[in-house]
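Owing to the predicted nature of the structure, the values given are computational and were not obtained by experimental measurement. Computed over heavy atoms, backbone and side chain alike; hydrogens, waters and symmetry mates excluded.
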Amino acid sequence: MTTDKLRSLEDVEVLSNESLASYTGFRCGGTSTVVVPRSEDAFVQVVRLLREAQKSFFILGNGSNVLVPDEGYSGYVVVTKSALQDLNVNGNFIHAGAGTQLTAVCHVALGASLTGMEFAFGIPGTVGGAVYMNAGAYGSEIKNVLSSVTILDENCDVRELSADLLDLSYRHSIFHQNKNWIVLSATFELKPGNHDAIHDEMFGFLSRRIEKQPLNYPSCGSTFKRPEGSYASKLIDECGLKGFRIGGAAVSEKHAGFVINLDH
């Protein structure tokens, strides 16, 4: 009945028994009913319907930090990439929907000669996931450039929150506690910069990723939080675990911080 109601909504596609492997960075996992809203209004309607029906559901962006079990997911998977795609510049501010790729935000920043997002170039996640986990790399993180977020709260009301209310710290945000809050969009505040310098820094970071990370294999990126005073990859390497493998899952020989899908 719930699936039929979802199918009746405008701008909503429902895919039954859909393999989730193509929706995640690990490229593995079982099936679920995947719901694809095509607009923010449709997204909100989907969430409201599922909550009213008391159905389990999971919000999925680019799936870059998600591992799906082989038995799949018995609830509904609601994807953001088609619904939450707003991306525009207003002065030093960039507004981006939660389903927007971080790299796309970086390209817009480069085009507007705005500096601050260079560290995020090449991170394979979406804006929603980046805000949720306060994504970071190369000495910077989302909290350094985030101005505000628009959320859907537990009552399906749309609210705007200032970044200083989000309890942002290392790979943490208020959304870890308020699990019924869903990020709809984010606004980043950057600074005017030199286009060529921004370009060189972005593509310099990208070159380092390509050189040092096993991007030719499916993975969730750098898997572990950084332990205080060290790096997870260094400790794993010192344990002699590069190349360690169970079935098709392996510790990358190129970067020990990555668990890769080596063989299905």
Side-chain angles (χ1 to χ4, degrees), residues 25 61-62 64-65 86-151 161-176 183 185-215 219-235 255-258:
N62 203 42
S64 54
N65 279 2
D86 289 345
L87 184 56
N88 57 77
V89 182
N90 183 10
N92 294 343
F93 294 89
I94 296 179
H95 179 80
T100 308
Q101 293 272 3
L102 268 184
T103 295
V105 179
C106 293
H107 276 296
V108 168
L110 174 61
S113 297
L114 294 174
T115 184
M117 289 293 294
E118 290 87 339
F119 73 95
F121 193 60
I123 292 179
T126 56
V127 167
V131 170
Y132 180 91
M133 67 174 292
N134 185 30
Y138 301 119
S140 192
E141 52 193 346
I142 288 295
K143 76 172 187 177
N144 294 338
V145 292
L146 187 64
S147 174
S148 65
V149 296
T150 301
I151 69 162
L161 301 175
S162 173
D164 58 11
L165 299 176
L166 300 182
D167 191 26
L168 296 167
S169 58
Y170 179 61
R171 304 300 178 265
H172 174 82
S173 73
I174 198 172
F175 301 102
H176 292 198
V183 179
S185 63
T187 299
F188 302 99
E189 183 176 8
L190 307 179
K191 296 178 180 179
N194 177 273
H195 178 276
D196 291 343
I198 296 168
H199 176 279
D200 290 348
E201 187 167 4
M202 281 187 181
F203 283 88
F205 286 150
L206 182 61
S207 295
R208 288 170 65 179
R209 292 182 195 278
I210 294 171
E211 176 188 354
K212 296 182 178 181
Q213 299 177 3
L215 302 183
S219 77
C220 276
S222 185
T223 306
F224 304 98
K225 285 186 177 181
R226 185 178 65 243
E228 188 173 349
S230 188
Y231 294 92
S233 59
K234 177 177 181 293
L235 299 177
H255 189 309
F258 283 64

With a 4.5 Å cut-off on side-chain heavy atoms, are Ser185 and Asp86 touching? no
What are the two closest non-hydrogen atoms of Ala112 and Val89, and how far apart are they? CB-CG1, 4.2 Å
Heavy-atom pair of closest approach, residues Gly125 and Ser64: CA-OG, 3.5 Å
Which pairs with one or both residues in residues 99-127 pass side chain to side chain donor-acceptor pair (under 3.5 Å), sequence neighbours excluded? Asn62-Gln101, Thr115-Glu118
State whether the side chain of Tyr170 and the backbone N or O of Lys225 hold a donor-acceptor pair below 3.5 Å, judged by distance alone. no
I'd like to know if the side chain of Thr187 and the backbone of His95 have a donor-acceptor N/O pair within less than 3.5 Å. no
Residue pair Asn92, Lys191: steps toward the side chain to side chain contact (heavy atoms under 4.5 Å, CB included) verdict: CA-CA 6 Å; Asn92 294 343; Lys191 296 178 180 179; 5.9 Å; no
Are any non-hydrogen side-chain atoms of Tyr132 and His176 less than 4.5 angstrom apart? yes
So, Arg209 side chain and Phe121 main chain: donor-acceptor pair closer than 3.5 Å or not? yes
Is the CZ atom of Phe203 crowded by more than 12 outside heavy atoms at less than 6.0 Å? yes
Does atom CG (Asn88) have a neighbourhood of more than 12 heavy atoms from anything else shown, all under 6.0 Å? yes
Check the pair Ile174, Leu165 against side chain to side chain contact (heavy atoms under 4.5 Å, CB included), reporting the backbone distance first and the verdict last. CA-CA 8 Å; Ile174 198 172; Leu165 299 176; over 6 Å; no
Working to the nearest 0.5 Å, report the span between CZ of Phe175 and CG of Leu168. 8.0 Å
Can you confirm whether Ser222 sits close enough to Phe258 that some side-chain heavy atom of one is under 4.5 Å from a side-chain heavy atom of the other? yes
For Phe188 and Ala96, the nearest pair of non-hydrogen atoms, with its separation, is CE1-CB, 4.3 Å
One should read off an interatomic distance between Leu215 CG and His255 NE2, to the nearest 0.5 angstrom, of 10.0 Å
Shortest non-hydrogen separation from Ala232 to Pro227 and the atoms involved: N-CD, 3.4 Å
To the nearest 0.5 Å, atom CZ of Arg226 lies from atom CG of Leu235 at 12.0 Å
Heavy-atom nearest pair, Val145 first then Gly116, reads CG1-O, 3.4 Å
Enter the distance from Ser147:OG to Leu161:CG here, rounded to the nearest 0.5 Å. 11.5 Å
Drop me the distance from Ile123's CD1 to Cys106's SG, to the nearest 0.5 angstrom. 7.5 Å
To the nearest 0.5 angstrom, please state how far the CG atom of Asp200 sits from the CD1 atom of Ile198. 10.0 Å
With Tyr138, which residues qualify under ring pair (Phe, Tyr, Trp, His ring centres under 6.0 Å), at least two apart? Phe205
Is there a side-chain contact between Ile142 and Met133, using heavy atoms and a 4.5 Å cut-off? no
Option passing side-chain hydrogen bond (donor to acceptor under 3.5 Å, both in side chains) with Asn134 (candidates Glu141, Lys143, Arg171, His172): Glu141
Using the test salt bridge (charged side-chain N to carboxylate O under 4.0 Å, His left out), find all partners of Lys234 that sit at least two apart in sequence or belong to another chain. Glu238
Determine the minimum heavy-atom distance between Gly136 and Phe119, stating which atoms define it. CA-CE1, 4.0 Å
